[in-house]
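Computation of the quantities below employed the complete heavy-atom set of this structure, encompassing side-chain atoms and omitting hydrogens, waters and symmetry-equivalent molecules. Below, chains carry the letters A, B, ... as their sequence lines are ordered, and counting in each starts from 1.
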Amino acid sequence: MNESNEFGFPIKKARESLEKAVNEVLGSLGCTGAVTLEKPPREMGDLALPCFTLAKTMRKNPALIAKDIETKLADHRFSDLQKFFELEAKGPYLNFTLRTDYLIANVLSSILRKGANYGTFPLRNEFVILEHTSANPNGPFHVGRARNPIIGDTLARILRKLGFTVEVQYWVNDMGRQAATLSWGKDNIPDSSVAPMDPDNPFKDKNDHRLVRFYQEAHRRIENDEKLAGEIDRILYEIEDGNDEIKQNVRANSIKVLEGMKESLSRLNINFDKFVWESATVEDGTVTEVIDILKRSEYAHQDQEAWYLELEEFGISGRSTRFYFTRGDGTSLYTTRDLAYHLSKLRQCDRAVNILGEDHKLQANQLKIALGLLGSKVLPESIFYSFVSLAEGKMSTRKAQVVYLDDLIHESLQRAYEEVARRRPMLDSEQKKRIGLEVGLGSIRYNIIRVQADKRIVFRWEEALNFEGDSSPFLQYAHARCCGILDKANYQNYETPSADDVEKMAGDDFVMGIHDNERNLIRILADFPDRIEVAGLGYRPHFIPKYLQDLASAFNNFYQSCPVISGTDENIKRFRLGLVECTRIVLAEGLDLLGITAPESM
RNA sequence: GGGCCCGUGGCCUAGCCUGGAUAAGGCGCCAGCCUUCUAAGCUGGAUUUCAGGGGUUCGAAUCCCCUCGGGUCCGCCA
């Protein structure tokens with residue numbers, strides 16, 4: 001067993017060896033500075049060194065330089081490198097192709113040895129608090145904001161795989177006007193005065209769907225009634241003043257709605273480690289602490305009696321550069337409580353990551369500046385996403401222009417079931433239901449996470465419920481195919497090879513005759529750890545679905561061109577079974593990063 | 001008025017941070033592949049002024065500037 005197996009990152013090792021060798025050669029040619037290796041078009045190899053920039057300093061044709069370097073690298077001093085790569089100068093490029101025997105001996109054996117832990121990084125001893133969703137508990141989720149929990153949960157899974165210790169938090173607003181409005185509505189509006197619940201509504205028993213009607217009705221009444229608005233203000237004042245009874249009552253109503261919301265997310269495999277209540281920041285004195293410290297800041301000023309920070313010097317521009325942190329009566333604002341929450345969060349963790357809608361960009365920036373003034377060493381990092389909108393425009397609950405997440409889930413499951421029934425009519429209904437569930441739920445997460453966060457998504461049913469091509473079932477199907485082959489092999493008493501077996505095979509003759517599609521599949525399997533790292537550290541979770549798409553596609557090509565069980569040569573059969581097992585492992589692990597199940601049959 | 005984000009074949013998306021070899025996938029369209037490990041699959045084909053213009057560079061979808069189109073924000077609200 002060699003070093004790379006121990007860590008399971010064979011490509012990284014090969015790459016480092018290459019960079020070292022290339023740097024040495026360039027140094028001998030009088031060129032210093034870090035070289036950049038890039039990924040060439042597939043037919044050209046696995047890594048490439050473009051020689052244009054060298055041409056300038058060396059005053060020589062780049063094609064000749066490429067040739068030169070190739071010759072130098074062929075020297076016996078670089079025998080280590082030659083174990084990893086085959087070299088070829090092609091025009092102004094020097095291309096490096098990973099040796100197939102190296103790939104087999106290191107990639108496949110790593111995967112077989114580590115199983116589901118392939119691609120798992122060593123623990124980093126870094127504690128991350130990741131906050132996502134934190135939607136006001138006043139009604140059911142609509143898909144306009146569904147990206148938040150999906151991006152957040154996916155990223156949490158990726159960061160954990162990267163060795164971070166992650167705590168996922170939901171910050172619950174129980175001191176705001178929305179919470180008070182909901183609570184007032186529930187306590188003062190009789191059932192008969194709210195919109196009746198459609199008896200066919202599949203969610204008529206969910207608290208978020210039931211209680212939102214009281215919130216909406218209360219909201220409607222407040223708009224035409226100043227006195228009522230004052231009553232809501234009074235509730236808010238009482239809460240901050242420490243009136244326990246009112247606070248508990250508001251919180252109790254929020255909790256009911258929150259239960260319904262949690263249920264929706266939990267169906268999508270999304271759960272939280274901790275719910276932090278906004279009112280707790282007042283109770284534990286952090287809010288007072290924040291206000292006291294900020295008042296002493298050189299950027300603090302007063303407008304009448306209210307305190308604010310003047311942030312123009314920090315590059316904030318626009319109509320108002322003031323960041324208020326108290327009201328005229330000295331009470332806190334939402335932003336103050338948010339600051340307090342972040343301050344205590346940052347005292348506990350090494351990294352704080354927030355998933356926020358793009359409408360929070362300015363606010364997040366102001367928050368960061370204020371936290372700096374509060375003396376926080378660690379500052380929160382934010383990932384912003386654009387909204388999911390409808391073709392008709394923005395989603396709005398009031399204009400009844402809205403698709404609820406529960407509706408989407410419901411519809412997706414129904415459509416998925418119909419698809420299963422159409423494609424696999426022979427299955428029993430229990431099986432159809434199970435597959436429909438896996439496909440239906442997977443599709444929702446997949447279709448949201450596949451798009452980079454800052455790009456707007458226009459919601460269209462036909463796209464959201466697409467089960468072919470760039471979709472979750474495409475990945476799940478490839479996984480099911482792997483399982484099908486392995487099952488059948490097992491039934492026929494063929495064992496998948498062990499890591500040691502595979503290492504031995506790397507020396508065999510048949511490696512020379514390996515099919516392009518086999519080699520390509522191995523190459524992609526090798527990339528998994530790198531892709532997780534880039535997706536996680538760069539906070540770009542959409543890289544994972546892209547990768548899995550490439551992987552599944554490469555597997556399908558392999559499947560089409562390389563018979564496994566029906567093959568005749570025993571060695572090849574064994575080797576391919578190993579390859580299928582490796583693909584199965586990585587697909588399952590990748591799907592898990594996306595919170596999507598990997599069906600064994602479908 | 002001022003920020004920030006997005007604009008890639010008919011439609012949707014990746015690539016942009018870190019500039020390189022014919023712009024990569026999917027949907028849809030056309031032509032094929034199920035007596036052989038599940039056709040939610042595979043093979044081949046057609047379709048692109050990478051929003052427009054200028055600049056930097058040996059080289060620009062990628063970097064810089066301007067324009068246009070779309071999103072979003074600028075409350076003693078949350």
K.L.:
Using a 4.0 Å cut-off on heavy atoms, which residues in residues 542-550 of chain A reach RNA chain B? List them by number, or say none.
P.N.:
A:H542, A:F543, A:K546
K.L.:
Which is true for A:R322 with a 4.0 Å heavy-atom rule: it touches a base, it touches only sugar-phosphate, or it touches nothing?
P.N.:
nothing
K.L.:
In residues 470-489 of chain A, which residues come under 4.0 Å of RNA chain B by heavy atom?
P.N.:
A:D470, A:P473, A:F474, A:Y477, A:A480, A:R481, A:I485, A:K488
K.L.:
Regarding A:G176, tell me which of base, sugar-phosphate or nothing describes its non-hydrogen contacts under 4.0 Å with the strands shown.
P.N.:
sugar-phosphate
K.L.:
Heavy atoms only, 4.0 Å cut-off, all strands: where does A:E462 land among base, sugar-phosphate and nothing?
P.N.:
nothing
K.L.:
For RNA chain B, produce a single dot-bracket line, 5' to 3'. Pairs: Watson-Crick or G-U wobble, both distances under 3.5 Å. Symbols: ( ) within strand, [ ] crossing, | other strand, . unpaired.
P.N.:
(((((((..((((......[...)))).(((((.......))))).....(((((..]....))))))))))))....
K.L.:
Round to a whole Å and report the spacing from CG of A:L54 to P of B:rG59.
P.N.:
18 Å
K.L.:
If we take the C1' atom in both B:rA14 and B:rC74, what is their distance in whole Å?
P.N.:
33 Å
K.L.:
A:E43 near the nucleic acid: base, sugar-phosphate alone, or nothing, with a heavy-atom cut-off under 4.0 Å?
P.N.:
base
K.L.:
Give, ordered by number, those residues of residues 553-562 of chain A having at least one heavy-atom distance below 4.0 Å to an atom of RNA chain B; if nothing qualifies, reply none.
P.N.:
A:N556, A:N557, A:Y559, A:Q560, A:C562
K.L.:
Consider the side chain of A:P41, meaning its heavy atoms from C-beta on, and name the nucleotide among B:rU22, B:rG3, B:rC11 that approaches it most closely.
P.N.:
B:rU22
K.L.:
Please tabulate, for side-chain N and O atoms in residues 359-367 of chain A, each donor-acceptor pair with protein atoms closer than 3.5 Å (sequence neighbours left out).
P.N.:
unit_1: A:D359; atom_1: OD2; unit_2: A:R145; atom_2: NH2; d: 3.2

K.L.:
Between protein and nucleic acid, restricted to nucleotides 66-73 of chain B and to nitrogen or oxygen atoms under 3.5 Å apart, what atom pairs and distances do you find?
P.N.:
unit_1: B:rG71; atom_1: O2'; unit_2: A:E358; atom_2: OE2; d: 2.9

K.L.:
What nucleic acid atoms does A:R540 come within less than 4.0 Å of, heavy atoms only: base, sugar-phosphate, or nothing?
P.N.:
base
